Protein chains: 2
Amino acid sequence: MHANVKQNVIPLNVPGLKVACSQCNLRELCLPFGLAEEELERLDTLIGGRRKIKRGQHLYRSGDPFEAIFAIKAGFFKTDVLTEDGRDQVTGFQMAGEIIGMDGISTEAHTCNAVALEDSEVCLIPFAELESLSSEIRALQHHFHKVMSREIVRDHGVMMLLGTMRAEERLAAFLLNLSQRFTARGYSSAEFHLRMTREEIGSYLGLKLETVSRAFSRFQDEGLISVQQKHIRILDIPNLKALLGPPGGGRH
Amino acid sequence: MHANVKQNVIPLNVPGLKVACSQCNLRELCLPFGLAEEELERLDTLIGGRRKIKRGQHLYRSGDPFEAIFAIKAGFFKTDVLTEDGRDQVTGFQMAGEIIGMDGISTEAHTCNAVALEDSEVCLIPFAELESLSSEIRALQHHFHKVMSREIVRDHGVMMLLGTMRAEERLAAFLLNLSQRFTARGYSSAEFHLRMTREEIGSYLGLKLETVSRAFSRFQDEGLISVQQKHIRILDIPNLKALLGPPGGGRH
DNA sequence: CTAGCCCTTTGATCTGTGTCAACCACGTTA
DNA sequence: TAACGTGGTTGACACAGATCAAAGGGCTAG
């Protein structure tokens with residue numbers, strides 16, 4: 001492991017270089033949010049380094065011992081649960097700035113799989129140390145609780161989607177959610193690249209891939225979006241949002 | 001704190017009497033789990049008193065400012081989310097020993113409604129004080145994180161149910177889950193009283209009430225359970241469990 | 001005890017989505 | 001450049017569950 005001595009290039013991940021939340025451009029979205037300067041520096045000492053995950057590789061698997069949570073530095077992940085009988089449910093898609101792995105806290109072992117959908121990089125946050133630091137920095141403790149709570153609220157939203165929405169509403173909600181999260185990261189809200197397959201979208205939304213594909217086509221026919229493989233352009237946000245109000249239009 | 005001097009009667013809720021986790025018969029299920037004697041006593045000072053909730057009353061409503069979480073001392077609750085357009089999704093049923101209200105942490109306001117399905121009683125846990133005490137008692141902090149994480153894992157289970165199971169599998173999973181939770185509380189695993197309506201079960205399971213009713217009838221015809229209104233007796237747990245392995249029997 | 005209402009059950013029919021199948025488009029490898 | 005494989009689209013048809021409808025049973029409140 002020898003130092004990388006290329007010049008003119010900002011070196012990343014040079015051995016010995018400490019990862020720094022305080023310098024991270026995602027700090028407003030991620031765990032450091034709301035911490036003071038001095039606290040941020042202490043947070044820097046917490047991060048256990050970075051890890052690169054290639055597309056298709058697992059960040060962790062169900063059953064792995066739980067030791068750390070991860071902050072996504074770059075890239076895109078899916079998490080899924082699978083049962084003995086072969087059922088597979090995608091429980092979420094995670095992007096830069098989001099925290100992943102909190103499912104493992106309860107049993108000291110991960111309860112789902114996390115797979116990179118593109119080449120990605122995560123920051124390791126050793127959990128025992130996070131708890132230590134939390135008890136010293138109240139703002140960190142509180143913020144971490146908010147992050148977990150937000151996950152619970154997000155899950156309730158998915159339950160609502162799976163329990164009450166029709167196929168096209170689900171897909172519209174999904175696209176609007178992605179759009180909004182890309183916006184928060186400074187990317188276009190109208191144009192983006194899907195990192196997941198139709199089957200993965202379907203699993204997340206409780207639909208079959210053919211149904212997802214048909215809904216995409218219908219949206220395109222109606223001028224709401226333009227689809228070309230994984231490239232999506234949202235053309236008519238208002239009408240896409242209007243789809244979320246259910247069929248009749250609000251009654252029943 | 002002043003001694004209560006009534007004799008022969010165990011006094012409950014007498015004004016001035018401190019609620020005590022250390023004496024609670026639910027402590028092995030609830031927040032105190034795993035704490036040492038001395039820590040338990042400090043936890044006692046945290047509890048902000050009890051509150052009785054009559055059947056049909058709200059413990060909190062979506063939008064209420066978030067100040068405390070609640071430990072259910074006795075009774076039965078449902079939580080639900082509703083959208084502007086009138087959709088209603090039951091996100092869970094909670095019973096004695098369970099913690100409710102963690103959805104409110106993220107935004108400082110509750111994001112769902114909690115309604116008592118029978119006359120109930122909860123212990124108030126002021127959240128700011130819980131965080132304070134957490135930073136002093138590491139075991140409490142860690143246990144609270146486990147409780148939140150367990151909620152996330154539970155939600156993933158519901159997503160799996162809503163995303164991949166057919167009506168009868170959903171109902172079987174629901175009954176087995178209730179049975180298991182009653183068992184953990186020392187009640188019969190085979191015979192219990194449903195506190196919720198068919199419509200509420202349906203909302204939770206992503207089904208219409210008629211479908212729930214039909215599935216109950218089918219189970220009864222097949223000798224798996226006996227149903228009389230809200231009274232349920234589970235007759236054949238093995239075959240009920242077998243329903244969870246999907247139709248074909250594991251393929252696809 | 002009675003009236004009223006809500007909850008539940010059951011039947012008949014309709015429909016959104018799943019299933020099965022064929023074909024196509026793109027990206028990768030040889 | 002050709003051949004392959006994975007992922008995506010589209011069509012025809014089937015079916016689980018929704019919807020509509022009607023009737024019965026048990027609480028709850030007077």
Side-chain angles (χ1 to χ4, degrees), chain A residues 54-56 78 87-90 115 117-119 161-172 174-175 193-222 225-232 243 246-248 251-252, chain B residues 54-57 78 87-90 115 117-119 161-172 174 193-222 225-232 243 246-248 251-252:
Chain A
K54 284 229 163 291
R55 185 156 93 96
K78 72 166 177 183
R87 261 186 255 267
D88 184 3
Q89 173 71 31
V90 171
V115 184
L117 297 182
E118 64 180 25
D119 293 357
L161 180 146
L162 291 171
T164 75
M165 294 188 181
R166 340 260 252 56
E168 294 191 0
E169 301 176 65
R170 295 182 196 191
L171 190 64
F174 172 72
L175 290 174
H193 192 81
L194 296 175
R195 272 76 178 198
M196 70 295 283
T197 66
R198 302 289 190 262
E199 184 167 23
E200 287 162 336
I201 297 172
S203 171
Y204 181 59
L205 299 179
L207 302 169
K208 292 295 168 187
L209 67 95
E210 295 93 330
T211 305
V212 173
S213 178
R214 277 186 247 270
F216 271 126
S217 300
R218 184 105 48 108
F219 285 176
Q220 178 157 250
D221 292 348
E222 288 166 356
I225 64 176
S226 104
V227 194
Q228 215 162 331
Q229 295 288 125
K230 295 196 147 104
H231 185 90
I232 301 286
L243 271 184
R251 197 64 358 78
H252 197 236
Chain B
K54 283 229 164 292
R55 185 157 91 95
Q57 284 187 336
K78 72 166 178 183
R87 262 187 255 266
D88 183 2
Q89 172 72 29
V90 171
V115 184
L117 296 182
E118 64 180 24
D119 293 356
L161 181 146
L162 292 171
T164 74
M165 293 187 181
R166 337 256 256 62
E168 295 192 0
E169 301 177 65
R170 294 182 198 192
L171 189 65
F174 172 72
H193 192 83
L194 296 176
R195 273 75 179 199
M196 70 296 281
T197 66
R198 302 290 189 261
E199 184 167 23
E200 287 162 337
I201 297 172
S203 171
Y204 181 60
L205 300 179
L207 302 169
K208 292 297 169 185
L209 68 96
E210 294 94 329
T211 305
V212 173
S213 178
R214 277 186 246 270
F216 270 127
S217 301
R218 182 105 46 107
F219 285 175
Q220 178 157 251
D221 293 349
E222 289 166 356
I225 64 176
S226 106
V227 195
Q228 214 163 334
Q229 294 292 125
K230 296 197 147 102
H231 185 90
I232 300 286
L243 271 183
R251 195 64 1 76
H252 196 234

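These numbers come from a predicted model, not from an experiment. Letters A, B, ... mirror the listed sequences (proteins, then strands); counts begin at 1. Basis for what follows: all heavy atoms, side chains included, without hydrogens, waters or symmetry-related copies.
- Residues passing the side-chain hydrogen bond (donor to acceptor under 3.5 Å, both in side chains) test with B:His193, sequence neighbours excluded: none.
- The separation between B:Glu199 atom CD and C:dC6 atom P is 12 Å, rounded to whole Å.
- Taking atom NE2 on B:His231 and atom P on C:dT9, their separation rounds to 14 Å, with Å as the unit.
- Across the protein-nucleic acid pair, A:Lys230 atom NZ and C:dG27 atom P stand 11 Å apart, rounded to whole Å.
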## Note on the structure
With B for base contact, S for sugar-phosphate-only contact and - for none (protein heavy atoms under 4.0 Å), nucleotides 10-17 of chain D reads BBB---SS

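- Separating the CG atom of A:Leu194 from the P atom of D:dG7 is a distance of 14 Å, rounded to the nearest angstrom.
- Evaluation of the side-chain contact (heavy atoms from CB on, under 4.5 Å) rule for B:Arg218 yields B:Glu168, B:Glu222 as partners, not counting sequence neighbours.
- In this structure B:Arg214 satisfies the side-chain hydrogen bond (donor to acceptor under 3.5 Å, both in side chains) test with no other residue, sequence neighbours excluded.
- Atom OG of A:Ser213 and atom CD1 of A:Ile201 lie 10.0 Å apart (nearest 0.5 Å).
- Note that the CZ atom of A:Arg198 and the CG atom of A:Leu209 stand 9.5 Å from one another [nearest 0.5 Å].
- In terms of the side-chain contact (heavy atoms from CB on, under 4.5 Å) criterion, residue partners of B:Gln220 (sequence neighbours excluded) are, by chain and number, B:Ser226, B:Val227.
- With rounding to whole Å, B:Arg198 atom CZ is found 13 Å from C:dC6 atom C1'.
- Separating the CZ atom of A:Arg218 from the C1' atom of D:dT9 is a distance of 14 Å, rounded to the nearest angstrom.
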Protein-nucleotides 26-30 of chain D N/O pairs under 3.5 Å:
| residue | atom | partner | partner atom | Å |
| --- | --- | --- | --- | --- |
| D:dT28 | OP1 | B:Arg55 | NH2 | 3.3 |

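- Put simply, the residue from B:Thr211, B:Asp221, B:Leu194 that forms a side chain to side chain contact (heavy atoms under 4.5 Å, CB included) with B:Phe216 is B:Leu194.
- One atom, CD1 of B:Ile232, and another, C1' of C:dT8, lie 12 Å apart when rounded to the nearest Å.
- To the nearest 0.5 Å, atom CG of residue A:Leu171 and atom OH of residue A:Tyr204 are 12.0 Å apart.
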